[in-house]
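One structure below.
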Amino acid sequence: MDLLWTISTALLLCSLLSILWKESDRRRNRNCYLLDFVCYKPSDDRKLSTELCSDIIARNKRLSVPDYKFLLKAVVNSGISEETYGPRSIIEGREECPTHDDCVDEVDDCMYRTLDQLFLRTGVSPIDVDVLVVNVSMFAPSPSLTSRIVNRYSMREDVKTFSLAGMGCSASPIAIDLVNNIFKTRKRTLAVVVTSESIAPNWYCGTDKSMMLGNCLFRSGGCSFMLTNDPSLRHRAKMSLKCLVRAHIGADDDAYSCAIQKEDDEGRVGFHLSKSLPKAAVRAFAENLQRLAPKVLPVGELALYAVRGLRHRLWRSKEAKTDAATAARVNFKSGVDHFCLHTGGAAVIDAVGRALGLAKYDVEPARMTLHRWGNTSASSLWYVLGYMEAKKRLRRKDRVLMLSFGAGFKCNSCLWEVLRDLNDGGAWEDCIRAYPPQTLVNPFMEKFRWVKEA
Amino acid sequence: MTALFFTGRFPSLPLAHFISMFPSFSAPKAGATSSCSATCGCRLNDHSIDADKACGGRSRGSGAALGASPCISALLELNYYTKQEKLTTPHGTKLRFFIRLTIRPGMGTAAAKLNLRYVPAEFRDLSVVLILSDAKIVGVAKTSAHLTRGKTGTQVTHTGGCTSAHPLQLSQLPLQLDLNSSWTEYLMRHTRKTVGDWLVVIETTHLPLASSSVLISQTGCFSQPNQSKRKKKRRNSRMAAVPLPEFPMWAKFGYRFIVNNFVTLFLVGPMTAVGWELLQLGPDEITALWRSLQQKPIESLSAVFSVAFVAALYFVSRPRPVYLVDYACFKPPSTCRVPAATFMEHTRLINSDEKSVQFQTRILERSGLGEETCLPPANHYIPPNPTMEASRAEAQLVIFSAIDDLMKKTGLRPKDVDVLVVNCSLFSPTPSLSAMIINRYKLRSNVRSFNLSGMGCSAGLISIDLARDLLQVHPRANALVVSTEIITPNFYAGNQRSMLLPNCLFRMGAAAILLSNRRREAGRAKYRLAHVVRTHKGADDRAYRCVYEEEDAEGHSGISLSKDLMAIAGEALKSNITTMGPLVLPMSEQLLFALNLVGRKLLNPEWKPYIPDFKQAFDHFCIHAGGRAVIDELQKSLQLSAEHVEASRMTLHRFGNTSSSSLWYELNYIESKGRMRRGDRVWQIGFGSGFKCNSAVWKCLRTIKAPVDGPWTDCIDRYPVDIPEIVKL
């Protein structure tokens with residue numbers, strides 16, 4: 001019977017050990033590290049100055065004088081500087097009928113430049129890439145853009161590629177979510193994500209005001225970044241993903257149709273931004289924060305919130321307040337050090353900043369990104385992050401919250417923890433010293449003053 | 001094991017080497033020069049024709065596509081020619097390609113059929129094809145004007161049977177021989193070549209032909225040859241490739257049984273011994289044992305506990321199975337039907353270019369599409385009306401119908417969807433189609449939605465792969481996968497031939513699939529996902545370009561399909577099954593393959609590479625219904641019977657190429673025919689732009705009764721139909 005005893009003990013020990021080993025292995029491989037990211041900086045000849053913008057607007061012969069004024073006003077007041085970039089087809093005056101090659105060239109330039117640099121900087125060979133995700137919302141050629149990259153960099157045959165399209169400005173966290181899920185199923189995986197937006201095929205040449213606005217805001221930009229769950233690369237990683245929350249309120253009709261690509265009355269395709277957008281944004285935001293808060297905030301803050309909420313219920317239940325207002329009373333700064341906000345527009349940044357109770361310092365990166373790069377759609381988050389890094393704000397153990405909004409309507413957020421002190425200039429290298437500038441007022445305000453007055 | 005598979009030059013597709021001549025003679029491809037050797041008639045093992053599977057015994061006409069006897073074909077690629085000669089004649093420079101085929105004993109008399117595919121219009125008096133046996137000419141054929149006149153463009157077929165005796169000498173080669181009578185008769189008069197080496201010589205003077213592709217196939221009546229054993233032996237020894245020895249049927253079965261059940265058989269002996277010993281125990285001994293256990297209750301309890309614990313651990317730590325609960329395919333309304341006549345009439349009205357119309361007619365005649373395929377309403381306008389609104393309307397029609405159907409079948413509530421994956425290659429609006437579904441069905445706000453675009457016809461399985469990964473991570477989740485292609489915005493209005501092809505082939509369709517990892521779904525689920533293997537050949541330029549969206553000179557954008565498509569699909573499939581083989585093949589096949597490989601490396605490099613028999617690993621095949629040629633190619637390279645590819649052919653006939661959803665129509669066909677039994681394994685193979693080959697293996701969990709409400713319900717009784725090679729319009 002001693003034999004029985006020995007065997008059973010051995011079995012038990014073995015299984016316990018295997019459980020422990022499995023669990024520790026799972027934990028080790030569960031992390032998602034950001035190895036590096038490279039933001040796209042187009043060549044200088046693609047800069048869109050306000051003057052050029054006004055020329056482009058004037059080129060459209062369909063516009064009446066009020067339309068022209070409206071657009072100029074939007075351009076001048078948008079908080080976008082003289083230095084943002086546009087696609088070549090628009091600068092060369094072919095915005096009405098861009099060819100397929102124009103569109104491909106624009107995306108190619110962004111993808112190849114950033115990826116070249118990314119592979120160079122990380123020293124990773126394209127052969128080692130296991131997962132490749134590209135998200136470009138408004139342009140999906142066939143073969144997909146992922147195949148383009150596989151072709152150019154001669155990647156392996158078993159590389160898992162995903163080409164996400166139509167997911168709007170908040171596609172970047174969606175791509176991260178996808179990669180993060182794959183990381184949990186495979187060990188030591190290396191993923192490359194390219195996030196960008198194609199402007200060339202989506203220029204609106206009609207006269208519908210709700211669609212013209214997109215032309216004024218969206219600019220060329222993109223970013224490539226590399227993620228891994230390989231614990232041996234941790235020391236080289238910049239940040240590690242803590243949590244990711246996705247909220248999609250497409251079930252609501254208003255929210256679904258507030259940012260939608262469609263045809264105007266004359267059959268020209270454009271991106272329609274409706275008046276109900278802010279409302280949808282607030283709802284999506286609240287939805288997201290409700291789920292995010294418990295994950296990122298310290299227990300003390302949550303308890304405080306609960307007490308306040310209870311008091312609110314008991315004494316002031318008659319005052320109907322929106323979800324955002326209740327959420328806003330949570331002090332997010334207790335759990336988060338830096339905020340990467342989607343640069344959807346000056347108003348969006350301000351509104352989100354207010355809702356989160358942020359100081360001017362906290363929204364500065366987003367405002368500056370909007371100023372320097374415009375609304376680069378899904379990649380804007382990374383320019384904001386780049387700004388923080390270039391400003392040497394990101395220190396070890398800091399927590400960075402990325403928050404983005406997109407058509408659908410979605411609000412996605414993710415929280416990162418900085419693993420080492422970061423001070424890379426990146427795309428901001430040559431201009432970071434000039435930021436923040438004295439004033440964000442457009443220098444052409446004077447010249448186009450008549451627009452405001454008229 | 002992976003490395004063991006298919007390490008030969010191109011052994012996995014012994015029957016499928018496609019001839020595609022070079023665009024320019026001066027610069028042959030690097031791969032081609034490496035595989036060609038210097039002397040004529042040199043050995044090129046891998047082109048030998050495997051006749052094992054072809055003992056059907058009856059002759060088949062050139063027109064029969066289905067239900068005919070198995071056909072043997074050698075699709076040779078001129079990249080793999082053994083020798084290339086340049087001849088200068090008074091009429092200009094000629095190029096001669098030598099290709100070696102080996103026809104093995106047991107194949108009987110062979111008939112040769114030469115298919116010239118996608119031959120340019122100028123193809124007239126230019127090519128001479130010679131078939132030589134052991135450096136002796138056994139057949140000569142020259143394309144003559146009457147064969148190509150008027151029908152130039154897609155396919156010219158010569159058929160010949162080789163039965164008579166006088167081998168010609170090379171010097172007697174009548175190059176200028178004009179055959180007014182058919183090639184068949186000529187070969188009948190001059191040859192009686194059956195078994196051994198064949199040397200195919202292809203001559204061309206014409207450069208356009210060189211850029212086109214030529215397919216040589218051998219089809220035939222394969223009665224057992226009336227030969228003495230000695231003769232056979234002599235032939236064998238003369239043959240370049242040493243074939244594998246033939247074994248009788250019972251030996252094969254015995255071998256498979258022993259190898260595949262090795263562990264069971266191995267354990268039978270000891271288990272019987274133990275059982276016998278236990279039976280021998282008397283009651284006293286049993287009581288004694290019981291007492292001794294009772295004396296040490298803690299030990300015995302802990303032993304039982306630890307065994308149970310380990311077992312539980314094993315069951316828990318297994319990867320979560322992913323079940324396919326059910327799926328639904330969209331059945332297009334009959335109002336959207338596009339019979340060939342309608343299609344051609346519309347084409348004529350839309351397109352003023354007579355040549356394009358003729359080309360489309362020819363494609364449609366040979367496409368294998370039936371009279372019931374459907375195009376979306378916007379494409380019925382003259383000219384089509386590809387607006388965004390119309391595209392959205394089509395998307396809503398096909399996707400919502402499929403999902404509604406699925407929800408009705410499975411009782412799925414929208415609130416229960418945790419993961420949503422949508423793939424649609426060519427239409428990607430913002431907000432995405434996934435957002436559209438969320439909006440329509442009011443899905444939860446924390447649903448994980450992904451919208452894949454531009455990933456081609458094989459994207460259906462990419463979605464499945466993504467859904468599987470997500471289900472591995474999130475416990476107790478339901479994943480809704482929607483595969484579709486929206487046709488409306490992709491009508492090509494230009495005149496470039498390669499881009500007109502999709503207009504003729506692509507038709508509307510969609511499928512909605514419910515995957516789940518909930519254990520309680522296991523009871524009613526139809527299938528369990530066993531494997532998904534993805535292959536992306538994008539690194540190869542030729543593969544990357546072969547399905548390509550571009551603009552023609554006039555600025556019409558469309559999808560261009562290259563002529564190399566078949567060859568590339570073959571290569572992609574080879575890469576895919578290199579990974580898939582070790583996962584699915586039974587031990588007996590793997591062992592044979594390994595032994596063959598070792599044998600070739602160590603003993604005799606002349607041995608023929610062993611082709612694993614995939615029919616032993618799968619019961620049903622769903623090959624992407626991309627077009628008739630794709631199905632033909634796969635049938636040949638995987639040595640499948642007509643019944644195995646029936647689902648694909650019939651889906652192509654009934655629904656057209658519905659892109660990523662075609663695999664589900666095929667699966668539904670098999671179910672509708674009542675062929676799906678419990679334990680059956682299904683292999684879905686998708687091909688798509690990029691170039692990708694993705695495949696998935698499903699295991700059937702319960703015998704499926706023929707569905708009463710599916711896309712096939714009203715027409716399943718009419719299928720399978722005979723699909724002639726050409727339907728004259």
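In what follows, every chain begins at residue 1, and chains take the letters A, B, ... in the order their sequences are listed. The shown structure was predicted, so the numbers you read here are calculated from the model rather than taken from an experiment. Both backbone and side-chain heavy atoms feed into the values below; hydrogens, waters and symmetry mates do not.
Nearest heavy-atom pair across A:Met155 and B:Ala539 is O-CB, 3.7 Å. Taking every heavy atom of both residues into account, A:Ser163 and B:Met455 meet most closely at N-SD, 3.1 Å. The minimum heavy-atom distance between A:Gln261 and B:Ser428, with the atom names listed, is OE1-O, 4.2 Å. The minimum heavy-atom distance linking A:Ala251 with B:Lys442 is given by the pair O-NZ, 2.8 Å. Of all non-hydrogen atoms in B:Ser453 and A:Ala140, the two that sit nearest each other are CB-CB, 3.7 Å. Nearest heavy-atom pair across A:Met167 and B:Phe450 is CE-CA, 3.9 Å.
Between A:Ser144 and B:Lys692 there is a side-chain heavy-atom pair separated by less than 4.5 Å. Residues B:Arg448 and A:Ile174 form no side-chain contact, since every pair of their non-hydrogen atoms from C-beta on lies 4.5 Å or further apart. B:Arg534 places none of its side-chain heavy atoms less than 4.5 Å from the side chain of A:Asp158. Residues A:Asn181 and B:Val473 have side chains in contact (heavy-atom distance under 4.5 Å, counting atoms from C-beta outward). Looking at heavy atoms from C-beta onward, B:Gln472 lies out of side-chain contact with A:Lys184 at the 4.5 angstrom threshold. Contact of the B:Leu452 side chain with the A:Leu164 side chain is registered, since non-hydrogen atoms from C-beta on lie closer than 4.5 Å. Residues A:Leu12 and B:Ser302 are not in side-chain contact: their nearest non-hydrogen atoms beyond the backbone lie 4.5 Å or more apart.
The closest donor-acceptor contact from the side chain of B:Arg392 to the backbone of A:Lys262 lies at 3.5 Å or more, if one exists at all. At least one donor-acceptor pair closer than 3.5 Å links the side chain of A:Glu263 to the backbone N or O of B:Glu389. Looking at A:Asn151, its side chain does come within 3.5 Å of a backbone N or O of B:Gly538 through a donor-acceptor pair. At distances below 3.5 Å, at least one donor-acceptor pair connects side-chain atoms of B:Asn439 with backbone N or O atoms of A:Gly250.
For a heavy-atom cut-off of 4.5 Å, chain A lies close to B:Glu550, B:Glu551 in residues 550-558 of chain B.
Judged purely by distance below 3.5 Å, without hydrogens or angles, the side chains of B:Asn446 and A:His248 never pair a donor atom with an acceptor atom. Side chains of A:Ser142 and B:Ser689: a donor on one and an acceptor on the other come within 3.5 Å. Side chains of B:Ser575 and A:Glu157: a donor-acceptor N/O pair is present below 3.5 angstrom, by distance only.
Heavy-atom distances place the side chain of B:Leu313, and not its backbone, under 4.5 Å from chain A. Only the side chain of B:Phe309 comes within contact range of chain A, judged by heavy atoms closer than 4.5 Å. Using a 4.5 Å cut-off between heavy atoms, A:Asn135 does not touch chain B at all. Proximity to chain A (any heavy atom under 4.5 Å) is shown, for B:Ser391, by neither the backbone nor the side chain. Neither the backbone nor the side chain of A:Ile7 comes within contact range of chain B; no heavy atom of the residue lies under 4.5 Å from a heavy atom of that chain. Of the two parts of A:Ser257, neither the backbone nor the side chain holds a non-hydrogen atom closer than 4.5 Å to a non-hydrogen atom of chain B. If you measure heavy-atom distances from A:Arg148 to chain B, the contacts under 4.5 Å come from both the backbone and the side chain. If you measure heavy-atom distances from A:Tyr153 to chain B, you find no contacts under 4.5 Å at all. With a 4.5 Å cut-off on non-hydrogen atoms, B:Phe305 touches chain A through its side chain but not through its backbone.
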Apply side-chain contact (heavy atoms from CB on, under 4.5 Å) to A:Arg246 and B:Ser445, showing your working. CA-CA 8 Å; A:Arg246 291 174 60 176; B:Ser445 70; over 6 Å; no
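Ranked by heavy-atom pairs under 4.5 Å with chain B, the list A:Cys14, A:Ala284, A:Ser15 is led by A:Ser15. Between chain B and the options A:Ala255, A:Pro141, A:Gly168, A:Gly267, the largest number of non-hydrogen pairs under 4.5 Å is found for A:Pro141. Per-residue heavy-atom pair counts under 4.5 Å with chain B were compared for A:Asp177, A:Val245, A:Ile249, and the maximum is reached by A:Asp177. The most heavy-atom pairs under 4.5 Å with chain B, out of A:Ile182, A:Val269, A:Leu178, come from A:Leu178. Chosen from B:Leu443, B:Val547, B:Asn423, B:Val304, the residue pairing most often with chain A at heavy-atom distances under 4.5 Å is B:Val547. Among A:Cys97, A:Ala259, A:Gly166, the residue with the largest count of heavy-atom pairs under 4.5 Å with chain B is A:Gly166. Chain A forms more heavy-atom pairs under 4.5 Å with one residue of B:Ile437, B:Leu470, B:Thr387 than with any other, namely B:Thr387. When A:Val150, A:Val159, A:Val104 are compared by the number of non-hydrogen pairs under 4.5 Å with chain B, A:Val150 comes out ahead. If you tally non-hydrogen atom pairs under 4.5 Å between each of B:Ala543, B:Ser425, B:Pro429, B:Ser449 and chain A, the highest count goes to B:Ser449.
The pair B:Asp465-A:Lys160 meets the salt-bridge criterion, since a charged nitrogen lies less than 4.0 angstrom from a carboxylate oxygen. The residues A:Asp253 and B:Arg440 are annotated as not salt-bridged, no charged nitrogen and carboxylate oxygen being separated by less than 4.0 angstrom.
Atom CZ of A:Arg152 sits about 11.5 Å away from atom OH of B:Tyr544, to the nearest 0.5 Å. Between atom CZ of residue A:Phe162 and atom CG of residue B:Asp469 there is a gap of 6.0 Å, rounded to the nearest 0.5 Å.
Counting heavy atoms of neighbouring residues, nucleotides and ligands inside a 6.0 Å radius, atom CD1 of B:Ile298 does not exceed 12 of them.
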